[in-house]
Amino acid sequence: MYEIVAKEHFSANVVKLEVKAPLIARSRKPGHFVIVRVGEKGERIPLTIAESDSKRGVITLVVQATGHSSRQLCNLEVGDTLTDLVGPLGQATNIKKVGTVVCAGGGVGVAPLLPIVEGMHKAGNRVIVVLAARNKELVILEKQMRSFADEVIVMTDDGSSGNKGLVTKGIEDVIKREKVDLCVTVGPAIMMKFVALLTKKYAIPTVASLNTIMVDGTGMCGACRITVGGKTKFVCVDGPEFDAHQVDFDEMLMRLGAYKEIEKEQNDHDNERIN
Amino acid sequence: MTMTTKELIKQRRAEPWRVELRKKIKNKDRGAIERVKMNELDPVYRATTRLEEVNQGLTEEQAVLEASRCLDCANPTCMEGCPVSINIPSFIKNIERGEFLEAAKILKETSALPAVCGRVCPQEKQCEKNCIQIKMGNKAVAIGYLERFAADYARESGKMSVPEVAPANGLKIAVVGSGPCGLSFAGDMVKRGYDVTVFEALHEIGGVLKYGIPEFRLPNHVVDVEIDGLRAMGVKFMKNIIIGKTISYEDLHEDGFKGIFVSSGAGLPRFMDIPGENLIGVMSSNEYLTRVNLMDAANPESDTPVLIGKQVAVIGAGNTSMDSVRTAKRLGAERAMIIYRRSENEMPARQEEVKHAKEEGIEFLTLHNPIEYLGDEKGHLKQMRLQEMRLGEPDDSGRRRPEPIEGAIKTVDVDEVIVSIGVCPNPLIPNTFKGLVMSRRGTIVVNENLQSALPDVFAGGDIVRGGATVILAMGDGRKAAAAMDEKLQKQL
């Protein structure tokens, strides 16, 4: 069960895994996520589904090695199996025709953005994708995006690919040039915070897909709770997508740091072992 | 099969060995025997060990002596207090005559999880409350201890009996959730010849018995043996499956399932909605216990982290609160406290849990209610503000309503707060089973047979009750099994 059938390196720290999961492949929709566990002592980690193929019974996950558990996952090879895989979880993206949609993704957030771009395109929207990365090597899925998007704008911190600047600059350029009806953003919390601040200024409805700390992923524990519009919400069952203008990103960023010290110890320990 | 419970009691009670046994000791002398005391680990030692069970069980001698305190009533009122109707005098008299395996077999007739119930049931409010010894001015027979003794004896002997199973009828039944309610239902249905599959969302079978109740109160291996017993009877288990998500209601029909039992349990933890509740260090008891129990987070080998608090406050005074605060103590808390807005008399936790907690050095701040949590610049919890309370007039629950004492507010240093004030039902199933009728509280509405608005869907446990005990959930499982069986038999 949950065998890895294909693996591709997008960059040094980002891999794409195709995992055998026929039941999830059959039932998932854009925006859904899964919980993955590697090893009997493994942590449960949430990952948004990038793509799926119900005929082949596989789902695609894009993983960035940022800590102990994600590194373990990235180190798996074709033929290895995940210890546990459960999903699809969360609410699916609300895909409908609204007009012009800007889809802004950064880091591994670009992967779960892909099915949203595809869905928005198929629903008859004009779709403009803004991809952001530190440099050219970290820009992922550009070609796949182009097959669904009317336009793809690449932004890099150093200008090594596309335009130099942050994701917000790319979005603002579009807003200044044409009417935007909806913005969808997936990426690091800090990036989504600034996207939300920008689009709020222009009163453009914006949806953010949040990735918080989770344990069970089914609403049981509340580790993923955030504040939206002054009310506590659970990302796993109420989300993962929310009105970005209502999300308290500062609180979310703070809560993401809950285990920073423990994680650092774990990473140092891992590095010691590697060295 | 056709014999009623009453007839069965009468028949068993009339067996010659049992008549002999009754005559052996006079009732007056049976009543004069002092109730057995559970053997427990020393409180100072046990507060340092997360995995060793506090209650050590009875020895054979203790169990036989305690069993002799039972008067073997012709009309055993104790059984009326048992949600799964265990044939109590019959198992106890088997212990008295030394037939421990036979006693365990009788337990298994009506309970899928006797070793679990013997540990976590609130017997003092159920079977033992109805014991004839109490009416005679004595202490109740320790039915719970004896149940545990027989179940443990059978397990440790390696000669656990597998209950008889009726010939397969080929009807497929789906059970949603593998907690006590689902397991009890599955056991009763497989006995009746159904093809039962239990679907579990998590990566372990057992539900709250695994993620919730700590090892020091209910060891995982005890639960696993009971689950293996169900497996041996033919129950199939599938983990990592969320009914309504991975497999839909419609998919279940397509796959040929003729009946669905929803025992998906307690869902969302409740919070109080007070300032600072989302600070780092404030979490639900579900999160805390899941990390420690299911994910083994306190073990350095585990990849899952858990915050280890030095000054820990648990909000609430139910059994889950006691489990949380005693876990915190075991993980090294210098100060572990229960914060409860009413007085000790109103605490919902079992007396035994409160007693154990006190012995282990847990502080009880009753008549206190948190109103705010304060953190440092990085968002880490540092203090809580507590409002002192007093008891006023009785409220709807019949308990005296706690009221704030104006101006009586104190600040207490804490680095971890565990909110344990109950749960709301999980919305997963209600959201995905079209046609279910839900209550305003979010529970599934069922009729007296535990049948929902969808005729093939029955439901029980916390998803119907909104938060109850293991044994009430198990009682629902039995009741639903009987009702679903009757419905399906009519259709055949």
Side-chain angles (χ1 to χ4, degrees), chain A residues 1-2 21 23-24 26-28 32 34-35 37-45 67-69 72 83-91 213 215-227 231-232 234 237-238 248 250-263 265-266 269, chain B residues 200-204 208 211-212 238-242 244-248 251 264-271 273 277-291 294-297 299-308 375 377-380 419 423-428 431:
Chain A
M1 281 234 278
Y2 323 130
L23 293 175
I24 301 174
R26 180 179 72 174
S27 52
R28 59 75 59 163
H32 279 148
V34 290
I35 295 254
R37 209 165 70 96
V38 182
E40 282 310 320
K41 293 287 172 199
E43 196 176 359
R44 291 172 68 94
I45 47 176
H68 176 80
S69 295
Q72 272 188 320
T83 312
D84 293 291
L85 173 64
V86 62
L89 294 159
Q91 305 288 332
I213 293 171
V215 185
D216 64 291
T218 63
M220 208 177 79
C221 81
C224 64
R225 66 193 190 279
I226 53 159
T227 304
K231 289 208 170 84
T232 293
F234 287 8
V237 288
D238 299 319
D248 183 342
D250 291 332
E251 184 192 83
M252 180 181 162
L253 281 159
M254 172 197 94
R255 287 183 59 78
L256 281 169
Y259 295 97
K260 226 170 214 165
E261 278 152 41
I262 299 176
E263 277 162 19
E265 272 173 39
Q266 218 167 25
H269 183 67
Chain B
E200 168 57 47
L202 292 171
H203 60 267
E204 282 269 355
V208 71
Y211 75 73
M238 289 189 72
K239 49 187 194 169
N240 293 322
I241 303 263
I242 300 174
K245 289 275 190 185
T246 321
I247 296 177
S248 69
D251 292 336
S264 51
L268 317 179
R270 273 200 212 128
F271 287 92
D273 211 9
E277 215 168 18
N278 288 349
L279 286 168
I280 297 169
V282 184
M283 70 191 81
S284 72
S285 48
N286 269 5
E287 177 180 351
Y288 184 68
L289 292 174
T290 300
R291 284 181 186 274
L294 181 74
M295 306 310 296
D296 198 20
N299 178 349
E301 295 290 306
S302 171
D303 292 343
T304 304
V306 63
L307 292 175
I308 307 285
E377 67 287 352
K378 281 185 175 166
H380 289 268
V419 183
V423 289
C424 323
N426 197 319
L428 257 163
N431 286 348

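All values derive from a computational prediction rather than experimental measurement. Just so you know, these numbers use all the heavy atoms, side chains as well, and skip hydrogens, waters and symmetry mates. Chain letters run A, B, ... following the sequence lines, proteins first, then strands; residues in each count from 1.
For a residue to count as touching a neighbouring chain, one of its non-hydrogen atoms must lie under 4.5 Å from one of that chain's; by this rule A:I226 touches chain B with the backbone only. Within the 4.5 angstrom heavy-atom criterion, atoms from both the backbone and the side chain of B:V282 approach chain A. When heavy atoms are compared at a cutoff of 4.5 Å, B:L307 approaches chain A by way of both its backbone and its side chain. Heavy atoms closer than 4.5 Å to chain A are found in the side chain of B:L428, but not in its backbone. If you measure heavy-atom distances from A:I213 to chain B, the contacts under 4.5 Å come from the side chain alone. Proximity to chain A is limited to the side chain of B:F271, based on heavy atoms less than 4.5 angstrom apart. Neither the backbone nor the side chain of A:E40 comes within less than 4.5 Å of any heavy atom of chain B.
Under the 3.5 Å distance criterion, the side-chain polar atoms of A:R255 are left unmatched by any main-chain donor or acceptor of B:I280. For B:S284 (side chain) and A:G222 (main-chain N/O), no donor-acceptor pair under 3.5 Å exists by modelled atom type. The backbone N or O of A:D84 lies less than 3.5 Å from no partner atom in the side chain of B:N240, so there is not a single donor-acceptor pair. Remark: side-chain polar atoms of A:R225 are paired, donor with acceptor, to backbone N or O of B:E277 under 3.5 angstrom.
The distance from the OH atom of B:Y211 to the SG atom of A:C221 is 11.0 Å, given to the nearest 0.5 Å. Distance NZ/B:K239 to CE/A:M1: 7.5 Å, rounded to 0.5 Å. Between the CG atom in A:L89 and the CD1 atom in B:I242 there is a gap of 4.0 Å [rounded to 0.5 Å]. Considering OG of A:S27 and CG of B:D251, their distance stands at 7.5 Å, rounded to 0.5 Å. The NZ atom of A:K260 sits 8.5 Å away from the NZ atom of B:K378 when rounded to the nearest 0.5 Å. Annotation: the span from A:L85 atom CG to B:T246 atom OG1 amounts to 9.0 Å, rounded to 0.5 Å.
In this model, no donor atom of one side chain and acceptor atom of the other lie less than 3.5 Å apart for A:D216 and B:T290.
Considering only heavy-atom pairs separated by less than 4.5 Å from chain A, the leading option among B:N278, B:L294, B:N299 is B:N278. When the candidates A:I24, A:T218, A:T227 are compared by the number of heavy-atom contacts under 4.5 Å with chain B, A:T218 comes out ahead. No other option in B:N431, B:V419, B:N286 has as many heavy-atom pairs under 4.5 Å with chain A as B:N286.
The minimum heavy-atom distance linking B:P269 with A:G219 is given by the pair CD-O, 3.3 Å.
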From CA spacing to verdict: side chain to side chain contact (heavy atoms under 4.5 Å, CB included), B:R291, A:V215: CA-CA 8 Å; B:R291 284 181 186 274; A:V215 185; 3.6 Å; yes
Apply salt bridge (charged side-chain N to carboxylate O under 4.0 Å, His left out) to residues A:K231 and B:D273 and explain how you reach the verdict. CA-CA 8 Å; A:K231 289 208 170 84; B:D273 211 9; over 6 Å; no
Using the side chain to side chain contact (heavy atoms under 4.5 Å, CB included) rule, take A:M220 and B:V423 through it: C-alpha gap first, then chi angles, then the decisive distance, then the call. CA-CA 9 Å; A:M220 208 177 79; B:V423 289; over 6 Å; no
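No side-chain heavy atom of A:V86 sits under 4.5 Å from any side-chain heavy atom of B:K245. Considering only heavy atoms from C-beta on, B:M295 stays 4.5 Å or farther from A:E43 through its side chain.
Using a 4.0 Å cut-off between charged nitrogen and carboxylate oxygen, B:D303 and A:R37 do not count as a salt-bridge pair.
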